[in-house]
Amino acid sequence: VEASIPEPQREAWTKNQFESFKDQGEFEKEVVRHVETTLARSMFNCDETAAYSATALAFRDRLIKDWNKTQQRQTFTDSKRIYYLSLEFLMGRALDNAMLNVKGKDIAKGGLNELGFRIEDIISQENDAALGNGGLGRLAACFLDSMASLNYPAWGYGLRYRYGIFKQEIIDGYQVEVPDYWLDFNPWEFPRHDVTVDIQFYGHVRKSQDENGKTVANWEGGEVVTAVAYDMPIPGYDTPSTNNLRLWSSKAASGEFDFQKFNNGEYESSVADQQRAETISAVLYPNDNLERGKELRLKQQYFWVAASLYDIVRRFKKSKRPWSEFPDQVAIQLNDTHPTLAVVELQRILLDKEGLEWDEAWNIVTATFGYTNHTVLPEALEKWPVGLVQHLLPRHLQIIYDINLFFLQSVEKKFPEDRDMLSRVSIIEESQPKMVRMAYLAIVGSHKVNGVAELHSDLIQTTIFKDFVKIYGADKFTNVTNGITPRRWLHQANPRLSELIASKTGGYDYLKDLTTLNKLEQYVDDKDFRKEWAEIKYANKVRLAKYIKSTLDITVNPAALFDVQVKRIHEYKRQQLNIFGVIYRYLQLKEMSPEERKKQAPRVSIFGGKAAPGYWMAKQIIHLINNVGSVVNKDPDVGDLLKVIYLEDYNVSKAEIIIPASDLSEHISTAGTEASGTSNMKFVLNGGLIIGTCDGANIEITREIGQDNIFLFGTLSEDVEDLRHNHTYGKHSVDSGLQKVFEAITTGKFGDANDFGALVSAVRDHGDYYLVSDDFQSYVDTQKMVDEEYKNQEEWVSKCIRSVARMGFFSSDRCINEYAEEIWNIEPLAV
Ligand code: 4GP
């Protein structure tokens, strides 16, 4: 690698290197310096926002050094890198995480205190980086943390949305969406105005002959938009490794701004072109587990993968290695099908730009990519109209057709008898209009395909991708059960519990090897330990109760059982089952005598989550929960025995307050629909028990922690199809408990019955696709069991401790090591 500074001057550089703060005094100095010089303020007008900015900048300075060194190390060693392509990175806040990862939080706490601030107030000044919808995006963020912590040379690639997921307000019980402009001041991003890529759209393909008489495709004309890189440092925990997350922002290509028009006074229309270009990275599509084929979304996808691949290829070419070594240097993981065009783009680069032959190029492509599937829901499987792809990316469509042709030829050879097979597995669906099936393209273009929990990986192999298992063999398909980073989801969110655990397991090393938690098992019977444990849970509940009071002006009793369901609102996740259960509880309480009521266990039912703006049924569910809350919460018959809370605008930073405060959390999807779930892991790791169905990672959690420590109920996934079939043919009954719930709703107990007609009919009259009626009885029975068990606090706390002790498997570090070994074939880089 060539150095830009000549030998004789290097000493001056080395000698004068910036040293970041080492102790509290130096930290304070850095903060004051940033307040006064970077922010141009003084101690007379340094508010919490300014103190946050200066603190963030002080830590940022520190990260940059490690970040630069990490990048240099990766370049010098020329090691294989993993590129994680994800349209979503649900990062949350960065400052607290940065402080903890570099082990500087105590210094910051003391320093800020001396300067007149409380660290909690400063941390909460930061906007969440909410560039994702839910599980898929948060998983990507946990993976970045693990890849850095484990010293893997890794880059994330995504889009720098100007607007993240909308902010949710609840007004009169309804969800209202407010744009999330989060970039006011973002100290964590570095614009790289020198790292730009011009991306082409539309136009046409012209074939010509090169000097050797070979036919070459020229993609010409159309529109060009420029991608600008913005980099974010991703610090590892207790290691200098600091990786890079590169997010692309779109702007008009230079020369796009039409000066002629401008000079002619057509200022508006000249600016319009600019705005059109900027629209590409303007907003995150707010759908979770749902794809809607919008042209702008396809543009986003291509814009992002083309820029990322250009960058990756440019980096590879610097090494001057032959193309055949590309897969030895580069692994690319497709986070769901959103980046699948990368497969086609790499093939195009190798064919059209680099002049490789088809087979040679295709072998490189398939050896490079891996594809992770995150859902089996049919409405989430991505398909694009052929006409749209043709229009936007004419050359790519040709390549897709060729990929499909060669693929189908090989299938035909292998299964000459099965004519039907060809149309079943074709990348092009012969529908009206014809569609490109992105999941099939991703499978054909990758060497490994994985699901995200055992049941889910089995299901994809036996249902939606069954034919591909026949074609490629089972080896191409694998499972990597999801995980979560214990740094954010225990140490940061629940500092007191983390400290207690550290005191018993031999320090904070458990944050690097989560299986060390098993040392806690020996303290299960230790009364003092249990007491301390319970006190911490109580304190976390008090913290949440205060939050509820301050935001909703509702008083909840921290001694009540906190029952939490926070996640995206979706029929398959079945918040409707939960709220029907709450109504059932309420009706029962109303029927009881005051003496009977005294024997009941008090409960706070806490909900949170966003509905996709266009998902009407999900919005009805939110409305019903809120209306039930406004009736129940002021009913004097019920008092503290039941409160129903809807927490507005659930996001990562709120999850960090809510999760540590839960006694019981709900993961109650219809069996076979939740690919994995990751909040289930977070709740258990924070000492809460869960009520759940035999779905996703609940199954593996049960296997790890033992079935006595989890409340399972409901239909098994293998029975779902039969039940659905029965419903369709009218063999479907709603038992009396649920009938009563429906009666209460339809007689207007919770506001205008018309508002909830569809919600009730979906279960009662329209086939009950999500099996709410089938599972209702076992759900309420299981909740009864929860009430009983919660009364025995000693036993309850023992279960919590035992569960935490057995959660080691669910670290995202384990997960990343599995990907590295099984899919990426990549080693950590020694530091
Ligand atoms: C989610 C799945 O619904 C969830 O079960 C899983 O834990 C998560 O991915 C991470 O693997 N899928 C999505 C989506 O968010 O949009 O498909």
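First listed ligand is number 1; within each ligand, the first listed atom is number 1. Since this is a predicted model, take the numbers as computed values, not measurements.
Taking each of Asn482, Val452, Val480 in turn, the one with a heavy atom nearest to atom 10 (C) of ligand 1 proves to be Asn482. Between atom 6 (C) of ligand 1 and the options Gly677, Ala380, Gly132, the minimum heavy-atom separation is to Gly677. Looking at Arg138, Glu88, His374, Met681, it is His374 that brings a heavy atom closest to atom 12 (N) of ligand 1.
Every pair passing ring-ring contact (aromatic ring centres under 6.0 Å, His included) that includes a residue from residues 672-691 is listed here, sequence neighbours excluded: His667-Phe683.
Both the sub-6.0 Å distance and the 45° axial angle are not jointly satisfied by Arg246 relative to the ring of Tyr157.
A salt bridge is defined here as a Lys NZ or Arg NE, NH1 or NH2 lying under 4.0 Å from an Asp or Glu carboxylate O, and Arg574 with Glu666 fails to meet this definition. Taking the charged nitrogens against the carboxylate oxygens, Arg814 and Glu818 do have a contact shorter than 4.0 Å, which makes a salt bridge. Between Glu656 and Lys682, none of the side-chain N atoms (NZ, or NE/NH1/NH2) sits under 4.0 Å from a carboxylate O, so this pair counts as no salt bridge.
If you look at Phe580 and Phe776, their ring centroids are not closer than 6.0 Å.
Scanning all protein heavy atoms for the shortest distance to atom 16 (O) of ligand 1 gives Asn289 N, 2.9 Å. Remark: minimum distance from atom 4 (C) of ligand 1 to any protein heavy atom is reached at Glu674 OE1, 3.3 Å.
Taking every non-hydrogen atom of Thr375 and a distance limit under 4.0 Å, the qualifying atoms of ligand 1 come out as 17 (O). Within ligand 1, counting atoms from 1 as listed, the ones closer than 4.0 Å to a heavy atom of Ala675 are 5 (O). In the vicinity of Tyr572, heavy-atom distances shorter than 4.0 Å reach the ligand 1 atoms 3 (O).
With sequence neighbours excluded, the residues satisfying side-chain hydrogen bond (donor to acceptor under 3.5 Å, both in side chains) with Asn450 are Thr372, Tyr819.
Taking only nitrogen or oxygen atoms, main chain and side chain alike, Ser676 reaches within less than 3.5 Å of ligand 1.
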